[in-house]
**Student:** 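Let me begin by handing over the structure; questions about it come next.
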Amino acid sequence: MNFTKTIIHWYSINKRSLPWRETQNPYKIWLSEIILQQTQVKQGLPYYEAFVSKYPTIFNLAKAPESEVLKLWQGLGYYSRARNLHSTAKYIVNELQGNFPNTFKDIIKLKGVGDYTASAIASICFNEVTAVVDGNVYRVLSRYYNIDTPINSSKGAKEFKILAQELIDKKQPATFNQAIMEFGAKQCTPKNPDCENCPLNQSCLALSKQKTDQLPVKTKTAKAKKKHFNFLVFISSDGKTVLEKRTGKGIWQNLYQFPLIETEKSTNEKTLRNALKNNTLLYNKKFELTLYNDEPIIHKLSHQHLYTKFWIITVENIKTETIYVKDINKYPVPILIGNFIESFNFDLV
DNA sequence: AAGACGGGGGC
DNA sequence: GCCCCAGTCTT
(Lines give C-alpha, C1' and ligand atoms only; values in the text may rest on other atoms or scores of the structure.)
Protein backbone atom coordinates (compact mmCIF):
# COMPACT_ATOMS: atom_id res chain seq x y z
CA MET A 1 0.00 0.00 0.00
CA ASN A 2 1.48 3.33 -1.07
CA PHE A 3 1.03 5.72 1.83
CA THR A 4 1.40 8.94 -0.14
CA LYS A 5 -0.91 8.01 -2.99
CA THR A 6 -3.51 6.66 -0.59
CA ILE A 7 -3.52 9.81 1.52
CA ILE A 8 -3.86 12.04 -1.53
CA HIS A 9 -6.67 9.94 -2.93
CA TRP A 10 -8.48 9.97 0.40
CA TYR A 11 -8.14 13.76 0.45
CA SER A 12 -9.56 14.18 -3.04
CA ILE A 13 -12.75 12.55 -1.78
CA ASN A 14 -12.97 13.81 1.80
CA LYS A 15 -11.55 17.31 1.90
CA ARG A 16 -13.64 20.04 3.49
CA SER A 17 -14.39 23.20 1.63
CA LEU A 18 -12.52 25.96 3.47
CA PRO A 19 -11.89 29.56 2.38
CA TRP A 20 -8.09 29.36 2.56
CA ARG A 21 -8.20 26.39 0.17
CA GLU A 22 -9.46 28.70 -2.57
CA THR A 23 -6.31 30.82 -2.72
CA GLN A 24 -2.54 30.79 -3.00
CA ASN A 25 -2.26 34.39 -1.85
CA PRO A 26 0.62 34.29 0.64
CA TYR A 27 -0.96 36.96 2.86
CA LYS A 28 -4.14 34.93 3.25
CA ILE A 29 -2.34 31.62 3.65
CA TRP A 30 0.00 33.14 6.24
CA LEU A 31 -2.97 34.66 8.09
CA SER A 32 -4.84 31.37 8.10
CA GLU A 33 -1.81 29.41 9.30
CA ILE A 34 -1.14 31.78 12.20
CA ILE A 35 -4.79 31.63 13.25
CA LEU A 36 -4.81 27.84 13.06
CA GLN A 37 -1.74 27.33 15.26
CA GLN A 38 -2.94 25.28 18.24
CA THR A 39 -6.47 26.09 17.17
CA GLN A 40 -9.16 23.92 15.62
CA VAL A 41 -10.62 24.90 12.26
CA LYS A 42 -14.05 25.33 13.81
CA GLN A 43 -12.75 27.88 16.31
CA GLY A 44 -10.44 29.73 13.90
CA LEU A 45 -12.74 30.02 10.88
CA PRO A 46 -14.83 33.02 12.05
CA TYR A 47 -11.65 34.89 13.00
CA TYR A 48 -10.17 34.27 9.56
CA GLU A 49 -13.30 35.66 7.92
CA ALA A 50 -13.24 38.70 10.19
CA PHE A 51 -9.57 39.45 9.49
CA VAL A 52 -9.86 39.06 5.71
CA SER A 53 -12.91 41.28 5.76
CA LYS A 54 -11.34 44.03 7.88
CA TYR A 55 -7.85 43.72 6.41
CA PRO A 56 -8.18 42.52 2.79
CA THR A 57 -4.47 43.02 2.15
CA ILE A 58 -1.29 43.07 4.17
CA PHE A 59 -1.19 46.85 3.68
CA ASN A 60 -4.47 47.26 5.55
CA LEU A 61 -3.18 45.10 8.38
CA ALA A 62 0.10 46.99 8.56
CA LYS A 63 -1.72 50.31 8.87
CA ALA A 64 -3.93 49.24 11.77
CA PRO A 65 -3.10 50.08 15.38
CA GLU A 66 -2.04 47.07 17.44
CA SER A 67 -4.93 47.39 19.88
CA GLU A 68 -7.37 47.11 17.00
CA VAL A 69 -5.70 43.90 15.84
CA LEU A 70 -5.79 42.51 19.37
CA LYS A 71 -9.46 43.45 19.65
CA LEU A 72 -10.24 41.43 16.54
CA TRP A 73 -8.16 38.58 17.95
CA GLN A 74 -9.94 38.75 21.33
CA GLY A 75 -11.09 35.33 22.52
CA LEU A 76 -8.74 33.31 20.30
CA GLY A 77 -5.90 33.11 22.82
CA TYR A 78 -2.13 32.96 22.44
CA TYR A 79 -2.06 36.69 21.81
CA SER A 80 1.62 36.73 20.85
CA ARG A 81 0.33 35.39 17.54
CA ALA A 82 -1.62 38.59 16.97
CA ARG A 83 1.24 40.84 18.09
CA ASN A 84 3.69 39.00 15.82
CA LEU A 85 1.21 38.98 12.95
CA HIS A 86 0.88 42.73 13.12
CA SER A 87 4.59 43.33 13.61
CA THR A 88 5.43 41.08 10.65
CA ALA A 89 2.86 42.82 8.45
CA LYS A 90 4.51 46.15 9.18
CA TYR A 91 7.93 44.65 8.48
CA ILE A 92 6.89 43.20 5.11
CA VAL A 93 5.20 46.43 4.04
CA ASN A 94 7.87 48.81 5.26
CA GLU A 95 11.04 46.83 4.60
CA LEU A 96 10.06 44.50 1.76
CA GLN A 97 7.73 46.85 -0.14
CA GLY A 98 4.87 44.47 0.61
CA ASN A 99 6.52 41.53 -1.15
CA PHE A 100 6.02 38.35 0.85
CA PRO A 101 9.19 36.23 1.05
CA ASN A 102 8.84 33.23 -1.25
CA THR A 103 11.20 30.54 0.02
CA PHE A 104 11.11 28.40 3.18
CA LYS A 105 14.51 29.76 4.15
CA ASP A 106 13.28 33.36 4.11
CA ILE A 107 9.74 32.73 5.35
CA ILE A 108 10.94 31.01 8.52
CA LYS A 109 12.84 34.15 9.49
CA LEU A 110 9.55 35.99 10.02
CA LYS A 111 8.46 36.58 13.62
CA GLY A 112 5.83 34.06 14.71
CA VAL A 113 6.68 31.67 11.89
CA GLY A 114 8.33 28.36 12.78
CA ASP A 115 9.09 25.20 10.84
CA TYR A 116 5.48 24.17 10.46
CA THR A 117 4.12 27.50 9.22
CA ALA A 118 7.07 28.16 6.91
CA SER A 119 6.56 24.73 5.33
CA ALA A 120 2.85 25.33 4.91
CA ILE A 121 3.29 28.72 3.22
CA ALA A 122 6.24 27.63 1.05
CA SER A 123 4.43 24.55 -0.21
CA ILE A 124 0.95 25.98 -0.65
CA CYS A 125 1.93 29.33 -2.18
CA PHE A 126 5.21 28.53 -3.92
CA ASN A 127 5.15 24.76 -4.53
CA GLU A 128 8.30 24.23 -2.49
CA VAL A 129 8.83 20.60 -1.47
CA THR A 130 8.94 21.00 2.29
CA ALA A 131 6.85 18.81 4.58
CA VAL A 132 4.63 20.14 7.35
CA VAL A 133 4.72 18.44 10.73
CA ASP A 134 1.84 19.47 12.96
CA GLY A 135 -0.13 17.58 15.59
CA ASN A 136 -2.02 15.69 12.89
CA VAL A 137 1.13 14.59 11.10
CA TYR A 138 2.70 13.38 14.34
CA ARG A 139 -0.36 11.30 15.07
CA VAL A 140 -0.77 9.79 11.62
CA LEU A 141 2.89 8.88 11.17
CA SER A 142 3.48 7.64 14.71
CA ARG A 143 0.56 5.27 14.30
CA TYR A 144 1.14 4.13 10.75
CA TYR A 145 4.81 3.38 11.42
CA ASN A 146 4.44 2.54 15.13
CA ILE A 147 6.99 5.13 16.24
CA ASP A 148 7.13 5.77 19.96
CA THR A 149 9.67 8.61 20.04
CA PRO A 150 8.04 11.37 22.12
CA ILE A 151 6.70 13.97 19.71
CA ASN A 152 7.44 16.80 22.13
CA SER A 153 11.19 16.12 22.13
CA SER A 154 13.82 17.53 19.82
CA LYS A 155 14.65 13.98 18.71
CA GLY A 156 11.02 13.43 17.79
CA ALA A 157 10.79 16.71 15.90
CA LYS A 158 13.80 15.80 13.74
CA GLU A 159 12.74 12.20 13.21
CA PHE A 160 9.20 13.01 12.09
CA LYS A 161 10.31 15.89 9.89
CA ILE A 162 12.71 13.58 8.04
CA LEU A 163 10.03 10.92 7.64
CA ALA A 164 7.44 13.40 6.39
CA GLN A 165 10.00 14.84 3.98
CA GLU A 166 10.58 11.34 2.57
CA LEU A 167 6.87 10.75 2.13
CA ILE A 168 5.86 14.08 0.59
CA ASP A 169 4.76 14.00 -3.04
CA LYS A 170 7.48 15.90 -4.91
CA LYS A 171 5.06 16.75 -7.70
CA GLN A 172 2.29 18.08 -5.47
CA PRO A 173 3.73 19.07 -2.09
CA ALA A 174 0.86 21.42 -1.24
CA THR A 175 -1.76 18.76 -1.78
CA PHE A 176 0.14 16.15 0.20
CA ASN A 177 0.71 18.50 3.14
CA GLN A 178 -2.94 19.45 3.36
CA ALA A 179 -4.04 15.88 2.75
CA ILE A 180 -2.10 14.36 5.63
CA MET A 181 -3.31 17.06 8.01
CA GLU A 182 -6.92 16.64 6.93
CA PHE A 183 -6.52 12.87 7.27
CA GLY A 184 -5.35 13.35 10.84
CA ALA A 185 -8.17 15.74 11.63
CA LYS A 186 -11.02 13.69 10.17
CA GLN A 187 -9.93 10.04 9.93
CA CYS A 188 -6.99 9.31 12.22
CA THR A 189 -8.45 11.26 15.15
CA PRO A 190 -6.93 11.47 18.65
CA LYS A 191 -9.81 9.51 20.24
CA ASN A 192 -11.71 6.71 18.55
CA PRO A 193 -10.08 6.83 15.12
CA ASP A 194 -12.25 5.30 12.42
CA CYS A 195 -9.89 2.42 11.64
CA GLU A 196 -12.68 0.24 10.30
CA ASN A 197 -13.19 2.52 7.34
CA CYS A 198 -9.57 3.62 6.98
CA PRO A 199 -7.93 3.13 3.58
CA LEU A 200 -4.65 2.37 5.36
CA ASN A 201 -5.97 -0.20 7.82
CA GLN A 202 -4.25 -3.12 6.08
CA SER A 203 -0.79 -1.65 6.55
CA CYS A 204 -1.07 0.49 9.71
CA LEU A 205 1.39 -0.91 12.26
CA ALA A 206 -0.30 0.59 15.31
CA LEU A 207 -3.61 -0.95 14.30
CA SER A 208 -2.12 -4.39 13.77
CA LYS A 209 -0.54 -4.18 17.22
CA GLN A 210 -3.66 -2.59 18.74
CA LYS A 211 -1.68 0.41 19.83
CA THR A 212 -3.55 3.25 18.18
CA ASP A 213 -4.70 4.47 21.58
CA GLN A 214 -1.10 4.61 22.85
CA LEU A 215 0.30 6.68 20.02
CA PRO A 216 1.64 9.26 19.61
CA VAL A 217 3.79 9.27 22.76
CA LYS A 218 4.11 12.57 24.56
CA THR A 219 6.15 13.26 27.68
CA LYS A 220 4.26 14.67 30.61
CA THR A 221 3.86 18.37 31.08
CA ALA A 222 3.66 20.21 34.38
CA LYS A 223 0.17 20.69 35.69
CA ALA A 224 -1.48 24.04 36.14
CA LYS A 225 -0.76 26.26 39.13
CA LYS A 226 -3.53 27.90 41.09
CA LYS A 227 -3.64 31.67 41.32
CA HIS A 228 -6.01 34.04 43.08
CA PHE A 229 -6.99 37.13 41.09
CA ASN A 230 -8.97 40.04 42.52
CA PHE A 231 -10.09 42.53 39.90
CA LEU A 232 -11.09 45.99 41.08
CA VAL A 233 -14.03 47.27 39.10
CA PHE A 234 -14.15 50.98 39.83
CA ILE A 235 -17.32 52.90 39.15
CA SER A 236 -17.41 56.65 39.66
CA SER A 237 -20.53 58.77 39.86
CA ASP A 238 -19.62 60.40 36.55
CA GLY A 239 -19.63 57.08 34.67
CA LYS A 240 -15.97 56.22 34.61
CA THR A 241 -13.91 53.16 35.42
CA VAL A 242 -10.28 52.07 35.26
CA LEU A 243 -8.64 49.72 32.78
CA GLU A 244 -4.93 49.04 32.80
CA LYS A 245 -2.79 47.71 29.96
CA ARG A 246 -0.81 44.58 30.81
CA THR A 247 2.75 45.30 29.83
CA GLY A 248 4.59 42.57 31.73
CA LYS A 249 6.09 39.34 30.48
CA GLY A 250 3.34 36.87 31.25
CA ILE A 251 -0.12 36.20 29.93
CA TRP A 252 -2.32 38.67 28.06
CA GLN A 253 0.48 41.05 27.12
CA ASN A 254 -0.88 44.35 25.72
CA LEU A 255 -4.44 43.45 26.60
CA TYR A 256 -6.46 45.46 29.15
CA GLN A 257 -7.86 44.50 32.53
CA PHE A 258 -9.31 46.02 35.66
CA PRO A 259 -6.66 46.84 38.27
CA LEU A 260 -5.54 43.50 39.68
CA ILE A 261 -4.55 42.43 43.15
CA GLU A 262 -3.12 38.94 43.23
CA THR A 263 -3.21 37.15 46.58
CA GLU A 264 -1.66 33.96 47.92
CA LYS A 265 -5.00 32.58 49.05
CA SER A 266 -8.66 33.28 48.53
CA THR A 267 -9.36 36.64 50.12
CA ASN A 268 -12.40 38.02 51.92
CA GLU A 269 -13.82 41.51 52.05
CA LYS A 270 -12.11 42.48 55.26
CA THR A 271 -8.66 41.49 54.04
CA LEU A 272 -9.14 43.17 50.72
CA ARG A 273 -10.46 46.34 52.31
CA ASN A 274 -7.33 46.40 54.42
CA ALA A 275 -5.11 45.95 51.36
CA LEU A 276 -6.92 48.78 49.62
CA LYS A 277 -6.04 51.27 52.34
CA ASN A 278 -2.59 51.66 50.86
CA ASN A 279 -3.77 51.53 47.27
CA THR A 280 -2.84 54.67 45.39
CA LEU A 281 -6.09 54.53 43.43
CA LEU A 282 -8.04 55.01 46.62
CA TYR A 283 -5.73 56.68 49.07
CA ASN A 284 -7.71 58.72 51.58
CA LYS A 285 -10.94 58.26 49.76
CA LYS A 286 -14.31 56.97 50.82
CA PHE A 287 -15.52 54.01 48.84
CA GLU A 288 -18.03 51.21 48.86
CA LEU A 289 -16.81 47.68 48.27
CA THR A 290 -18.96 44.73 47.26
CA LEU A 291 -18.07 41.32 45.91
CA TYR A 292 -19.74 40.66 42.56
CA ASN A 293 -19.42 36.88 42.42
CA ASP A 294 -19.94 34.93 45.65
CA GLU A 295 -18.09 31.93 44.30
CA PRO A 296 -14.75 32.50 42.57
CA ILE A 297 -14.85 32.13 38.80
CA ILE A 298 -12.35 29.44 37.85
CA HIS A 299 -10.73 30.33 34.56
CA LYS A 300 -8.61 27.48 33.28
CA LEU A 301 -5.58 28.14 31.13
CA SER A 302 -2.98 25.63 30.01
CA HIS A 303 -0.59 26.50 32.82
CA GLN A 304 -2.69 28.36 35.36
CA HIS A 305 -6.04 28.02 37.03
CA LEU A 306 -7.25 31.47 37.93
CA TYR A 307 -9.57 31.71 40.92
CA THR A 308 -11.13 35.06 40.20
CA LYS A 309 -13.18 37.55 42.18
CA PHE A 310 -14.58 40.79 40.82
CA TRP A 311 -14.89 43.53 43.43
CA ILE A 312 -17.15 46.48 42.69
CA ILE A 313 -15.81 49.73 44.10
CA THR A 314 -18.05 52.78 43.92
CA VAL A 315 -16.43 56.15 44.52
CA GLU A 316 -17.22 59.81 43.96
CA ASN A 317 -14.35 60.33 41.56
CA ILE A 318 -11.16 58.51 40.62
CA LYS A 319 -7.69 60.00 41.00
CA THR A 320 -6.03 58.20 38.13
CA GLU A 321 -6.30 57.62 34.41
CA THR A 322 -9.84 56.56 33.67
CA ILE A 323 -11.98 55.55 30.75
CA TYR A 324 -15.65 56.16 30.16
CA VAL A 325 -17.71 53.06 30.84
CA LYS A 326 -19.46 53.59 27.52
CA ASP A 327 -16.12 53.01 25.74
CA ILE A 328 -15.26 49.82 27.57
CA ASN A 329 -15.96 47.53 24.63
CA LYS A 330 -13.35 49.25 22.47
CA TYR A 331 -10.48 47.75 24.45
CA PRO A 332 -9.03 44.30 23.82
CA VAL A 333 -9.50 42.25 26.97
CA PRO A 334 -8.96 38.62 27.99
CA ILE A 335 -12.12 36.54 27.64
CA LEU A 336 -12.27 36.30 31.44
CA ILE A 337 -12.73 40.07 31.61
CA GLY A 338 -14.93 40.16 28.53
CA ASN A 339 -17.35 37.68 30.06
CA PHE A 340 -17.56 39.75 33.20
CA ILE A 341 -18.21 42.97 31.28
CA GLU A 342 -20.98 41.25 29.38
CA SER A 343 -22.68 39.83 32.46
CA PHE A 344 -22.25 42.92 34.62
CA ASN A 345 -24.06 45.11 32.13
CA PHE A 346 -22.40 48.48 32.65
CA ASP A 347 -25.21 50.17 30.74
CA LEU A 348 -27.28 50.15 33.89
CA VAL A 349 -24.62 51.92 35.93
C1' DA B 1 15.37 20.51 27.25
C1' DA B 2 11.68 22.59 29.65
C1' DG B 3 8.15 26.22 30.35
C1' DA B 4 5.09 29.68 29.01
C1' DC B 5 1.54 31.00 26.25
C1' DG B 6 -5.50 30.89 25.78
C1' DG B 7 -9.50 29.30 25.05
C1' DG B 8 -12.82 25.82 23.43
C1' DG B 9 -14.31 21.17 23.03
C1' DG B 10 -14.32 15.95 23.37
C1' DC B 11 -14.87 12.14 26.39
C1' DG C 1 -10.36 15.94 35.21
C1' DC C 2 -7.26 15.21 31.32
C1' DC C 3 -6.09 15.63 26.58
C1' DC C 4 -5.93 17.86 22.11
C1' DC C 5 -5.96 21.51 18.70
C1' DA C 6 -3.14 23.19 10.89
C1' DG C 7 3.09 25.70 17.12
C1' DT C 8 6.41 29.31 18.51
C1' DC C 9 9.34 31.70 21.53
C1' DT C 10 12.00 32.27 25.72
C1' DT C 11 14.80 30.69 29.28
Side-chain angles (χ1 to χ4, degrees), chain A residues 11 15-16 18-21 29-48 70 73-85 87-88 107-121 123-124 131-140 150-158 160-161 164 174 176-186 188-193 213-225 227 246 248-255 298-306 332-339:
Chain A
Y11 181 63
K15 73 168 174 177
R16 290 168 287 183
L18 296 168
W20 48 85
R21 290 196 172 142
I29 297 299
W30 166 60
L31 173 62
S32 73
E33 293 300 344
I34 301 298
I35 287 175
L36 291 172
Q37 287 169 5
Q38 293 292 285
T39 303
Q40 300 196 157
V41 166
K42 188 181 173 189
Q43 188 188 4
L45 184 53
Y47 286 84
Y48 175 80
L70 284 170
W73 197 272
Q74 181 176 309
L76 197 54
Y78 283 159
Y79 297 92
S80 66
R81 292 183 293 171
R83 298 191 301 268
N84 287 335
L85 183 80
S87 161
T88 293
I107 296 168
I108 201 172
K109 292 176 187 162
L110 301 174
K111 229 189 288 181
V113 173
D115 191 287
Y116 163 77
T117 303
S119 297
I121 298 171
S123 63
I124 294 170
V132 296
V133 183
D134 74 333
N136 293 304
V137 177
Y138 279 125
R139 187 169 55 258
V140 171
I151 61 172
N152 56 343
S153 65
S154 49
K155 183 163 180 281
K158 283 179 202 155
F160 283 94
K161 176 79 182 187
F176 175 80
N177 277 341
Q178 293 176 87
I180 189 171
M181 290 192 284
E182 187 82 339
F183 185 81
K186 307 304 288 182
C188 193
T189 50
K191 305 279 181 185
N192 307 316
D213 60 342
Q214 297 163 47
L215 293 168
V217 171
K218 212 170 180 177
T219 58
K220 290 247 190 313
T221 53
K223 67 173 192 177
K225 290 167 186 158
K227 291 192 168 185
R246 291 183 65 97
K249 271 281 164 190
I251 56 172
W252 303 330
Q253 191 181 102
N254 293 5
L255 274 66
I298 305 172
H299 187 70
K300 294 184 176 179
L301 306 178
S302 306
H303 294 83
Q304 310 177 29
H305 290 180
L306 308 178
V333 296
I335 208 68
L336 172 63
I337 304 289
N339 289 342

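Every chain is numbered from 1, with letters handed out A, B, ... down the list of sequences.
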**Student:** Choose from C:dC5, B:dG7, C:dA6 the nucleotide whose nearest atom is closest to any side-chain atom of A:Leu36.
**Tutor:**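 Among C:dC5, B:dG7, C:dA6, the one nearest the side chain of A:Leu36 is C:dA6.
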**Student:** Between C1' on B:dG8 and OH on A:Tyr79, what's the gap in Å once rounded to a whole number?
**Tutor:**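 Those two atoms, OH and C1', are 12 Å apart.
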**Student:** Just N and O in the side chain of A:Thr117: are any of them under 4.0 Å from OP1 or OP2 of C:dT8?
**Tutor:**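 So the side chain of A:Thr117 is within the cut-off, an N or O lying under 4.0 Å from OP1 or OP2 of C:dT8.
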**Student:** Is the number of heavy atoms from other residues, nucleotides or ligands under 6.0 Å of A:Lys15 NZ greater than 12?
**Tutor:**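 For A:Lys15, atom NZ is not crowded (no more than 12 foreign heavy atoms under 6.0 Å).
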**Student:** Just checking, is any N or O donor in the side chain of A:Thr117 or A:Gln37 under 3.5 Å from an acceptor N or O on the other one?
**Tutor:**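 The criterion, which ignores hydrogens and geometry beyond distance, is satisfied for A:Gln37 and A:Thr117.
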**Student:** With heavy atoms under 4.0 Å as the rule, sort A:Lys111 into base, sugar-phosphate or nothing.
**Tutor:**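 The residue A:Lys111 makes sugar-phosphate contact but no base contact.
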**Student:** Does the side chain of A:Arg139 pick up a donor-acceptor pair with the side chain of A:Thr189 at under 3.5 Å?
**Tutor:**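 No, because no side-chain N or O of A:Arg139 sits under 3.5 Å from a partner of the opposite role on A:Thr189.
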**Student:** Side chain of A:Tyr78, base of B:dG6: donor and acceptor closer than 3.5 Å?
**Tutor:**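 Present.
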**Student:** Mind checking if A:Val113 touches a base, just sugar-phosphate, or nothing, with heavy atoms under 4.0 Å?
**Tutor:**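 Since only primed, P, OP1 and OP2 atoms lie under 4.0 Å of A:Val113, the category is sugar-phosphate.
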**Student:** Using atom P of each nucleotide, how far apart are C:dT10 and B:dG6 to the nearest Å?
**Tutor:**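 Straight-line distance between the two P atoms is 14 Å.
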**Student:** With nearest nucleotides of DNA chain B determined for A:Lys42 and A:Thr39 from heavy-atom distances, which residue corresponds to the more 5′ nucleotide?
**Tutor:**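 It is A:Thr39, whose closest nucleotide lies nearer the 5' terminus.
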**Student:** What integer distance in Å separates A:Lys218:NZ from B:dG3:P?
**Tutor:**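 About 14 Å, once rounded to whole Å.
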**Student:** Without decimals, in angstroms, what is the distance between A:Lys249 NZ and C:dT8 P?
**Tutor:**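 It works out to 19 Å between those atoms.
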**Student:** So, does A:His299 get its side chain near the phosphate of B:dG6, meaning an N or O under 4.0 Å from OP1 or OP2?
**Tutor:**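 For A:His299, the contact criterion (side-chain N or O under 4.0 Å from OP1 or OP2 of B:dG6) is not met.
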**Student:** Nearest heavy-atom pair of A:Ala224 and A:Leu301: which atoms, and what distance?
**Tutor:**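 Between these two residues, the closest heavy atoms are CB-O, 4.4 Å.
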**Student:** Say you draw a straight line from CG of A:Leu31 to CZ of A:Arg81; how long is it, rounded to the nearest 0.5 Å?
**Tutor:**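 Rounded to the nearest 0.5 Å, the CG-CZ separation comes out at 11.0 Å.
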**Student:** Tell me: CD of A:Gln253 to C1' of C:dT8, nearest whole Å?
**Tutor:**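 Rounded to whole Å, this separation is 14 Å.
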**Student:** Find the distance A:Gln40:CD to C:dC4:C1' and express it as a whole number of Å.
**Tutor:**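 Atom CD in A:Gln40 sits about 7 Å away from atom C1' in C:dC4.
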**Student:** Base, sugar-phosphate, or nothing: which does A:Gly44 touch, judged by heavy atoms less than 4.0 Å apart?
**Tutor:**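 Since no nucleic acid heavy atom lies under 4.0 Å of A:Gly44, the category is nothing.
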**Student:** Remember a base hit wins even if backbone is also touched, and classify A:Asn152 as base, sugar-phosphate or nothing at under 4.0 Å, heavy atoms.
**Tutor:**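 No contact.
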**Student:** Taking the side chain of A:Trp20 as its heavy atoms from C-beta onward, which of C:dT11, C:dC9, C:dA6 lies nearest to it?
**Tutor:**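 Of C:dT11, C:dC9, C:dA6, C:dA6 is nearest to the side chain of A:Trp20.
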**Student:** Find the distance A:Arg83:CZ to C:dC9:C1' and express it as a whole number of Å.
**Tutor:**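 My rounded result for the distance is 11 Å.
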**Student:** Counting any heavy atom closer than 4.0 Å, what does A:Lys220 reach on the DNA or RNA strands: base, sugar-phosphate only, or nothing?
**Tutor:**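 Touches nothing.
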**Student:** Using the ring centroid of each side chain, check whether A:Trp20 and A:Tyr48 are separated by less than 6.0 Å.
**Tutor:**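 Yes, they do, as the ring centres are separated by less than 6.0 Å.
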**Student:** Where each residue is assigned the nucleotide of DNA chain C containing its nearest heavy atom, which of A:Pro190 and A:Gly112 is assigned the position nearer the 5′ end?
**Tutor:**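 Nearer the 5' end of the strand: A:Pro190.
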**Student:** Could you pick out which residue, A:Leu76 or A:Thr219, lies toward the 5' side of DNA chain B when each is mapped onto its nearest nucleotide?
**Tutor:**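 The residue whose closest nucleotide sits nearer the 5' end is A:Thr219.
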**Student:** So does A:Ser302 reach the base of B:dG6 with its side chain, donor to acceptor, closer than 3.5 Å?
**Tutor:**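 Present.
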**Student:** So which nucleotide from C:dA6, B:dC5, B:dG7 ends up closest to the side chain of A:Glu33?
**Tutor:**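 Shortest atom-to-atom distance from the side chain points to C:dA6.
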**Student:** Using OP1 and OP2 only, check whether a side-chain N or O of A:Tyr138 sits under 4.0 Å from C:dC4.
**Tutor:**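 So the side chain of A:Tyr138 is outside the cut-off, no N or O lying under 4.0 Å from OP1 or OP2 of C:dC4.
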**Student:** Using OP1 and OP2 only, check whether a side-chain N or O of A:Arg81 sits under 4.0 Å from B:dG6.
**Tutor:**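 Answer is no, no contact under 4.0 Å.
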**Student:** By nearest atom, which of the nucleotides C:dG1, B:dG7, C:dA6 is closest to the A:Leu301 side chain?
**Tutor:**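 Looking only at side-chain atoms, A:Leu301 lies closest to B:dG7.
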**Student:** Just how far, in rounded Å, is P of C:dG7 from CG of A:Asp134?
**Tutor:**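 A:Asp134 atom CG is separated from C:dG7 atom P by 5 Å.
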**Student:** Answer yes or no: does a side-chain N or O of A:Gln38 lie under 4.0 Å from OP1 or OP2 of C:dC5?
**Tutor:**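 It does not, given that no N or O in the side chain of A:Gln38 lies less than 4.0 Å from OP1 or OP2 of C:dC5.
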**Student:** What is the nucleic acid contact for A:Gln304, judged by heavy atoms within less than 4.0 Å: base, sugar-phosphate only, or nothing?
**Tutor:**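 If one applies the 4.0 Å heavy-atom cut-off, A:Gln304 turns out to touch the sugar-phosphate alone, with no base involved.
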**Student:** I need the minimum non-hydrogen distance between A:Leu336 and A:Trp252, along with the two atoms involved.
**Tutor:**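 That closest heavy-atom pairing would be CD2-CH2, 3.9 Å.
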**Student:** Which one, C:dA6, B:dG7, C:dC5, comes nearest to the side chain of A:Trp252?
**Tutor:**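 It is B:dG7.
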**Student:** Given that A:Thr221 and A:Leu110 both sit by DNA chain C, which one's nearest nucleotide is further toward the 5' end?
**Tutor:**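 Taking each residue's closest nucleotide, the earlier one in sequence belongs to A:Thr221.
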**Student:** Assign A:Trp73 to base, sugar-phosphate, or nothing according to its heavy-atom contacts below 4.0 angstrom with the strands shown.
**Tutor:**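 The answer is nothing, as A:Trp73 stays clear of every strand by at least 4.0 Å.
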**Student:** Classify the side-chain pair A:Lys111/A:Ser87 by whether it contains a donor and acceptor separated by less than 3.5 Å.
**Tutor:**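 Yes, A:Ser87 and A:Lys111 have a side-chain donor paired with an acceptor closer than 3.5 Å.
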**Student:** Mind calculating the distance between CD1 (A:Ile251) and C1' (B:dA4) to the nearest angstrom?
**Tutor:**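 Taking atom C1' of B:dA4 as the reference, CD1 of A:Ile251 is at 10 Å.
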**Student:** Using atom P of each nucleotide, how far apart are C:dA6 and B:dG3 to the nearest Å?
**Tutor:**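 After rounding to an integer number of Å, I get 25 Å for this pair.
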**Student:** Tell me the partner of B:dG8, counting only Watson-Crick (N1-N3 plus N6-O4 or O6-N4) or G-U wobble (N1-O2 and O6-N3) with both under 3.5 Å; none if nothing fits.
**Tutor:**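 Across any shown strand, B:dG8 pairs with C:dC4.
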